[in-house]
Amino acid sequence: MGVAVRDVVRYGRLKLLVFENVYPPAEDSFLLAEHQGVSGSERVLDVGTGCGIQGLSAAEKGCEVIATDINPAAVHCARWNAHLNDMNVDVRMGDLFEPVRGERFDVVLFNPPYLPGRELPGSDPISRATEDPAVIRRFLKGLLRGEIRWDEARIVVSSLTPKKYLKPLQRFEVEIVAEEPLFFEKIRVLALRPSR
């Protein structure tokens, strides 16, 4: 499979190649990577891995990591970056929890497409990675339905995320663990726990 490298990103000691049709790490990626809530002994699921920055950051801390993505270019990119950084990350192709259904994780990480976009995002992978906030609702409902067993989830949202996609948050214990104002929005990392 021939690939075009669109960018090279350095994050701490990680060197990340960003292939064409893969979401490049940005402020939201770095904010989540800095607030993953892991110490190194956890089993971590990185949903929508993209180039693999979240999974690799967790693996670098000593976590056991499984990463998923629906985009074949992202799966290939994340596997390549795991090899490039000499890290063991199990990267699986599939939509949200489908490749890991029924498995158990201490921490679930997700930097979803949270910006309001077209009602149906474009067919290209970058549009789907940035303009489909309905994925947030599907992710939250998957957690609520018990598609995986989990203790905590960390998810990025924006002040611009349409509220209708965030309604399922009412059924979790939610804590804002990080917040960063940007030019036109405020991004937050939320820690979610099952309601008691």
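- Applying the salt bridge (Lys or Arg N to Asp or Glu O under 4.0 Å) rule to Arg13 yields the partners Glu60; only residues at least two apart in sequence or on another chain are considered.
- Side-chain atoms of Val135 and Arg138, non-hydrogen and from C-beta on, do get closer than 4.5 Å to each other.
- For the atom pair CG of Asp95 and CG of Asn71, the computed distance is 11.5 Å after rounding to the nearest 0.5 Å.
- A salt bridge links Arg104 to Asp151: at least one charged side-chain nitrogen sits closer than 4.0 Å to a carboxylate oxygen.
- Between Val22 and Arg6 the shortest side-chain heavy-atom distance does not fall below 4.5 Å.
- Ala73 approaches Glu20 most closely through the heavy-atom pair CB-O, 3.9 Å.
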Begin with the C-alpha distance, continue with both residues' side-chain angles, and end with the deciding distance and a verdict on side-chain contact (heavy atoms from CB on, under 4.5 Å) for Leu169 and Leu190. CA-CA 10 Å; Leu169 285 174; Leu190 304 179; 3.9 Å; yes

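- Listed here is the closest heavy atom pair of Ser29 and Ile53: CB-CG2, 4.2 Å.
- Although no hydrogens or angles enter the test, the distance criterion places a donor-acceptor pair under 3.5 Å between the side chain of Thr68 and the main chain of Leu96.
- A search for salt bridge (Lys or Arg N to Asp or Glu O under 4.0 Å) contacts involving Glu152 returns Arg154, Arg193, not counting sequence neighbours.
- Here the side chain of His76 pairs no donor or acceptor atom with the backbone of Pro72 at under 3.5 angstrom.
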Going through the checks in order, is the side-chain contact (heavy atoms from CB on, under 4.5 Å) test met by Asp28 and Tyr114? CA-CA 10 Å; Asp28 52 355; Tyr114 55 74; 3.0 Å; yes

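- Between the side chain of Thr161 and the main chain of Val157, no donor-acceptor pair closer than 3.5 Å is present.
- Residue pairs meeting the salt bridge (Lys or Arg N to Asp or Glu O under 4.0 Å) criterion with at least one member in residues 32-53, sequence neighbours excluded: Arg43-Glu64, Arg43-Glu103.
- Proximity of Cys51 to Pro25: side-chain heavy atoms (C-beta onward) are separated by under 4.5 Å at one or more points.
- With sequence neighbours excluded, no residue forms a side-chain hydrogen bond (donor to acceptor under 3.5 Å, both in side chains) with Lys167.
- Summarising the geometry, atom CG belonging to Leu45 is positioned 7.0 Å from atom CD1 belonging to Ile66; distances are rounded to the nearest 0.5 Å.
- Residue Ser39 holds its OG atom at 9.5 Å from NZ of Lys61, rounded to the nearest 0.5 Å.
- Of the possible donor and acceptor atoms, one in the side chain of Arg79 sits under 3.5 Å from a partner among the backbone N and O of Val91.
- Atom CG of Leu192 and atom CG of Leu144 lie 9.5 Å apart (nearest 0.5 Å).
- Residue pairs satisfying the ring pair (Phe, Tyr, Trp, His ring centres under 6.0 Å) criterion with at least one member in residues 81-110, sequence neighbours excluded, are listed as follows: Phe97-Phe139, Phe110-Phe139.
- Applying the side-chain contact (heavy atoms from CB on, under 4.5 Å) criterion to Asn85, with sequence neighbours excluded, gives Leu14, Lys15, Leu16, Leu56, Asn81, Met87.
- The shortest non-hydrogen separation linking Val177 to Ala191 is CG1-CB, 3.8 Å.
- With sequence neighbours left out, the side-chain hydrogen bond (donor to acceptor under 3.5 Å, both in side chains) criterion links Arg145 to Glu147.
- Looking at heavy atoms from C-beta onward, Val18 lies in side-chain contact with Val9 at the 4.5 angstrom threshold.
- With a 4.5 Å cut-off on side-chain heavy atoms, Val65 and Asp90 do not count as touching.
- Under the rule for a side-chain contact (heavy atoms from CB on, under 4.5 Å), the partners of Lys186 that lie at least two apart in sequence or sit in another chain are Ser159, Glu179, Arg188.
- We find the CD1-CG distance between Ile155 and Leu143 to be 8.0 Å, quoted to the nearest 0.5 Å.
- With sequence neighbours excluded, no residue forms a salt bridge (Lys or Arg N to Asp or Glu O under 4.0 Å) with Asp7.
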Before giving the answer on side-chain contact (heavy atoms from CB on, under 4.5 Å), spell out for Val47 and Val108 the whole-Å C-alpha distance, their side-chain angles and the decisive distance to 0.1 Å. CA-CA 7 Å; Val47 176; Val108 181; 4.0 Å; yes

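- At a threshold of 4.5 Å between non-hydrogen side-chain atoms, the residues Pro99 and Met93 do not count as touching.
- Annotation: side-chain hydrogen bond (donor to acceptor under 3.5 Å, both in side chains) contacts of Ser158 (sequence neighbours excluded): Glu185.
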Walk me through it: do Trp150 and Asp106 pass the test side-chain contact (heavy atoms from CB on, under 4.5 Å)? CA-CA 6 Å; Trp150 60 285; Asp106 300 300; over 6 Å; no

Do Asp69 and Arg92 pass the salt bridge (charged side-chain N to carboxylate O under 4.0 Å, His left out) test, and can you show the C-alpha distance, the side-chain angles, and the key distance before you say yes or no? CA-CA 7 Å; Asp69 206 298; Arg92 301 179 189 178; over 6 Å; no

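- With sequence neighbours left out, the side-chain contact (heavy atoms from CB on, under 4.5 Å) criterion links Val5 to Val8, Leu17, Phe19.
- Ring geometry for Tyr11 versus Phe30: interplanar angle under 30°, hence parallel rather than tilted (30 to 60°).
- Minimum heavy-atom separation, Ala78 to Gly50: CB-O, 3.7 Å.
- Sorted by first and then second residue, the ring pair (Phe, Tyr, Trp, His ring centres under 6.0 Å) pairs involving residues 173-196 (not counting sequence neighbours) form an empty list.
- Side-chain contact between Arg101 and Ile148: absent, with no pair of heavy atoms (C-beta onward) separated by less than 4.5 Å.
- Side-chain polar atoms of Tyr23 and Asn111 form no donor-acceptor pair below 3.5 angstrom.
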